[in-house]
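This report concerns only the one structure given below.
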Amino acid sequence: MNKKKEKWIIVKNKITYLFLLVVPIGIAKILLYDIGSLPNISELVFNVFVSIMLMIIGISFFVKFNTYSYIMNPDHPKPKDS
C-alpha cells in the first residue's frame, strides 16, 4: 500500500524561506535582549508579545506565499484532489 501524501505547501520561490528566519531571530531576541536586559515586568511582557507577534506574522506569510489560493496566489501549483 503505497499511499503518496499530498503536500499542501509547495515552495516555488526559495527566497520565501527568509520569512521562517524570523523565528530563530525572535527567539534569540527574547532570550538575549529582552530577558538579558531585565527591564520591569510590563516592558518584558510587551517586548516578548511583540516578538511573538512578529514570529507569527513571518510564519503566516511563508504559508500564504507557498499554498494555493484562488484570490491571493492563483499561479501557484494546485494540489491534486483525491
Side-chain angles (χ1 to χ4, degrees):
M1 293 192 176
N2 287 339
K3 283 191 173 182
K4 192 174 182 181
K5 282 190 169 183
E6 296 295 329
K7 296 181 180 180
W8 59 281
I9 291 183
I10 302 170
V11 179
K12 284 179 58 178
N13 189 357
K14 303 292 184 193
I15 294 176
T16 59
Y17 280 117
L18 292 176
F19 287 116
L20 290 181
L21 190 62
V22 77
V23 174
I25 291 173
I27 292 172
K29 178 190 174 289
I30 291 171
L31 294 176
L32 300 175
Y33 177 73
D34 295 338
I35 296 175
S37 63
L38 289 175
N40 61 13
I41 193 69
S42 63
E43 287 181 27
L44 177 66
V45 169
F46 178 73
N47 288 339
V48 169
F49 176 74
V50 169
S51 298
I52 290 172
M53 291 305 294
L54 288 174
M55 288 188 275
I56 290 171
I57 290 170
I59 292 169
S60 64
F61 277 163
F62 175 77
V63 170
K64 284 212 180 274
F65 289 142
N66 292 313
T67 56
Y68 174 78
S69 172
Y70 179 72
I71 296 171
M72 294 186 66
N73 205 359
D75 295 333
H76 198 274
K78 187 175 182 181
K80 296 177 184 175
D81 293 332
S82 300

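- In this structure, D34 and S51 approach most closely via the heavy-atom pair OD2-OG, 3.7 Å.
- Residue V50 is not grouped with residue L31 when hydrophobic side chains (ILVMFWY) are merged at heavy-atom distances under 4.5 angstrom, including chains of intermediate members.
- Here CG of N66 is found 13.0 Å from CZ of F61. Values are rounded to the nearest 0.5 Å.
- More than 12 heavy atoms of other residues, nucleotides or ligands lie within 6.0 Å of CZ in F19, so this atom counts as buried by the packing criterion.
- To the nearest 0.5 Å, atoms CD1 (I25) and CG (L32) are separated by 12.0 Å.
- Cluster membership for L21 and F62, using ILVMFWY side-chain heavy atoms within less than 4.5 angstrom, is not shared.
- Residues satisfying the side chain to side chain contact (heavy atoms under 4.5 Å, CB included) criterion with S60, sequence neighbours excluded, are absent altogether.
- Both L20 and I56 belong to a common hydrophobic cluster when Ile, Leu, Val, Met, Phe, Trp and Tyr are linked at side-chain heavy-atom distances under 4.5 angstrom.
- Going from atom CD1 of I27 over to atom CD1 of I52 covers 9.5 Å, rounded to the nearest 0.5 Å.
- Inter-residue side-chain proximity for V48 and V45 is flagged as unmet; no heavy-atom pair is nearer than 4.5 Å.
- Residues M55 and I30 approach most closely at CE-CD1, 4.0 Å, considering heavy atoms.
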